[in-house]
Number of protein chains: 2
Amino acid sequence: MRLGQGVEWAAHACALLAAAGEGRGLSLAALAEYHGVPAPYMAKQMQALSKAGLVRTSRGKTGGYALARPADQITLWDVTRALNGSAPLFQCTEIRQQGPCGAPRAECKRPCHIAAAFAQAETAWREALQGVTIADIAAGVGRDSSPQHITEAMHWLGSNLTDLPNR
Amino acid sequence: MRLGQGVEWAAHACALLAAAGEGRGLSLAALAEYHGVPAPYMAKQMQALSKAGLVRTSRGKTGGYALARPADQITLWDVTRALNGSAPLFQCTEIRQQGPCGAPRAECKRPCHIAAAFAQAETAWREALQGVTIADIAAGVGRDSSPQHITEAMHWLGSNLTDLPNR
DNA sequence: CTCAATTCGGATATTTATTATCCGCAATAA
DNA sequence: TTATTGCGGATAATAAATATCCGAATTGAG
């Protein structure tokens, strides 16, 4: 089992958009080029973010993507759910009701203990992701990078930024 | 993304073996029949449990499976890892090093912040599963079942149990 | 001690989901 | 109007999970 790598791409894209600043965005081509990934597939991830309301878009000559709300109000869980869906990791098929000694339906009002345990574990996972925002990620990256690298990246950003209309 | 249903089957099988008692086991055919699942595929799950050392096996005329250690020393994480592997849910492909502004290797000694956040979330998930044992599951099932159902299941167990050699 | 019954174990097809891509349509700014 | 951009559905290629089979090993009975 493995989380789709689209989640990774989308998270990096959000972090980059956070660095772009409020109301400013990047085109799909710029996002794909910055991360060195194929544009058509990156498009799919960005569309998912748009559909989930995490980014806002503008079409046309100066179109592109920008964060729909401040970076400290977008969590990694939001991104994960947008791309990977919110379906539970563990899906109970109620095999306790099958077989020669299957439990009668009357005793199955509450979920199976195994399913309940997995649901609780998944909640712990989700809450951990909800505690990390895109702003946290962006701040961390800035802290780890050398001033030289930051200058280089900011220059690249400056020549690719686009102002999005005030929604 | 979804956890394989083999995990569910294996967890139920372990709970049933816990009810069988110390040193007693069930054949593959019995395990499959009890849960109403195809035997050949159940075999695959049991083999994985055996390979991970969670159950011990005995071949021959009176062979079968039994728990390798007390049920309160086998956690749901053990079962999950045995069947699903211990590979991380989120696999970082280090795209921060790619593209025109790729981070130099010298700044990538520590893991990417996004990967670190997912690793932390996965730890929370793992620790939750480590806190639930097969004994907990078995006790919970017993608590939820009617005396009538328990009697029925115990009778079925009694006519299918097999004593495994003292390893 | 031999043989036959019964089991586990690894290797093998089939099905399903994910990944990756393309092209026509709608929308926007110059 | 026109060039440019994102959106959406449809479509191959790839990986994973599912389901199954047959050989090897072991045990109990004869």
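Here the structure is a predicted model, which means the values were calculated and not measured. Naming convention: chains lettered A, B, ... in sequence-line order (proteins, then strands); numbering from 1 in each chain.
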Report each atom pair, protein N/O against N/O of nucleotides 1-3 of chain C, whose distance is under 3.5 angstrom.
none

What side-chain donor-acceptor pairs closer than 3.5 Å can you find for residues 79-91 of chain B, not counting sequence neighbours?
| residue | atom | partner | partner atom | Å |
| --- | --- | --- | --- | --- |
| T80(B) | OG1 | L76(B) | O | 2.8 |

(request) Provide, to the nearest angstrom, the distance between the CD atom belonging to Q91(A) and the P atom belonging to dA17(C). (result) 10 Å
(request) Please identify each residue that fulfils side chain to side chain contact (heavy atoms under 4.5 Å, CB included) with D144(B), with sequence neighbours left out. (result) R110(A), H113(A)
(message) Run the side chain to side chain contact (heavy atoms under 4.5 Å, CB included) test against P70(B) and tell me which residues pass, sequence neighbours left out.
(response) D72(B), Q73(B)
(message) Just N and O in the side chain of Y65(B): are any of them under 4.0 Å from OP1 or OP2 of dC8(C)?
(response) yes
(request) Check DNA chain D against residues 14-21 of chain B and give the residues with a non-hydrogen atom under 4.0 Å, in numerical order. (result) none
(request) Report yes if at least one side-chain N or O of Q5(B) is closer than 4.0 Å to OP1 or OP2 of dA17(C); otherwise report no. (result) no
(request) Please round to the nearest 0.5 Å and tell me the distance separating atom CG of L17(A) and atom OH of Y65(A). (result) 10.0 Å
(request) Could you pick out which residue, K51(A) or M42(B), lies toward the 5' side of DNA chain D when each is mapped onto its nearest nucleotide? (result) K51(A)
(request) Let me know the distance between CG of D163(A) and C1' of dT5(D), rounded to the nearest Å. (result) 16 Å
(message) Between C1' on dC22(D) and CD on Q47(B), what's the gap in Å once rounded to a whole number?
(response) 13 Å
(request) Provide the full list of ring pair (Phe, Tyr, Trp, His ring centres under 6.0 Å) pairs with a residue in residues 132-151 of chain A, sequence neighbours left out, each pair given once. (result) none
(request) Whole angstrom is fine here: how far is it from CG in L3(B) over to P in dA17(C)? (result) 15 Å
Determine all donor-acceptor pairs shorter than 3.5 Å in which one atom belongs to a side chain in residues 32-50 of chain A; sequence neighbours excluded.
| residue | atom | partner | partner atom | Å |
| --- | --- | --- | --- | --- |
| H35(A) | ND1 | L31(A) | O | 2.9 |
| Q45(A) | NE2 | Y41(A) | O | 3.2 |

(message) Taking 4.0 Å as the cut-off, does a side-chain nitrogen or oxygen of S50(B) come that near to OP1 or OP2 on dC8(C)?
(response) no
Under 3.5 Å between N/O atoms: give me all the protein pairs with nucleotides 10-13 of chain D, atom names plus distance.
none

(message) Show the nearest heavy-atom pair for residues P165(B) and S58(B), with the distance to one decimal.
(response) CD-OG, 3.7 Å
(request) Starting from P on dT18(D), measure out to CG on N84(B) and report it in whole angstrom. (result) 9 Å
(request) For the side chain of Y41(A), starting at C-beta, report the closest nucleotide among dG9(C), dT19(C), dA19(D). (result) dT19(C)
(message) Can you pull out the residues from residues 23-34 of chain A that lie within a 4.0 Å heavy-atom distance of DNA chain D?
(response) S27(A), L28(A)
(message) Does G6(A) reach a base, just sugar-phosphate, or nothing at all? Heavy atoms under 4.0 Å.
(response) nothing
(request) Compare the minimum distances between each of dA19(D), dC22(C), dT20(D) and the side chain of P40(B), then state the nucleotide with the smallest one. (result) dT20(D)
(request) Run the salt-bridge test on R96(B) and E94(B) with the 4.0 Å N-O cut-off and return the result as yes or no. (result) yes
(request) Report yes if at least one side-chain N or O of R2(A) is closer than 4.0 Å to OP1 or OP2 of dA17(C); otherwise report no. (result) no
Can you tabulate the close N/O pairs, meaning under 3.5 Å, that link protein atoms to atoms of nucleotides 25-29 of chain D?
| residue | atom | partner | partner atom | Å |
| --- | --- | --- | --- | --- |
| dA25(D) | O4' | R59(B) | NH2 | 3.4 |
| dA25(D) | O3' | R59(B) | NH2 | 3.1 |

(request) Could you pull out all residues at least two apart from T62(B) that satisfy side chain to side chain contact (heavy atoms under 4.5 Å, CB included)? (result) T162(B)
(message) Let me confirm one number: the SG-CD1 distance from C14(B) to I137(B), rounded to the nearest 0.5 Å.
(response) 10.5 Å
(request) Go through the structure and list residues passing side chain to side chain contact (heavy atoms under 4.5 Å, CB included) with T93(B), not counting sequence neighbours. (result) Q5(A), E8(A), I95(B)
(request) Would you kindly give the CZ-to-C1' distance between R56(A) and dT5(D), to the nearest whole Å? (result) 16 Å
(request) For side-chain contact (heavy atoms from CB on, under 4.5 Å), just list the numbers for L157(B) and L16(B), CA-CA rounded to whole Å, side-chain angles, deciding distance to a tenth of an Å, and then say yes or no. (result) CA-CA 9 Å; L157(B) 260 183; L16(B) 188 59; 4.3 Å; yes
(request) Please report, rounded to the nearest Å, how far the P atom of dA17(D) is from the CD atom of E8(B). (result) 16 Å
(request) Using atom CD of Q45(A) as one end and atom C1' of dT18(C) as the other, report the distance to the nearest whole Å. (result) 11 Å
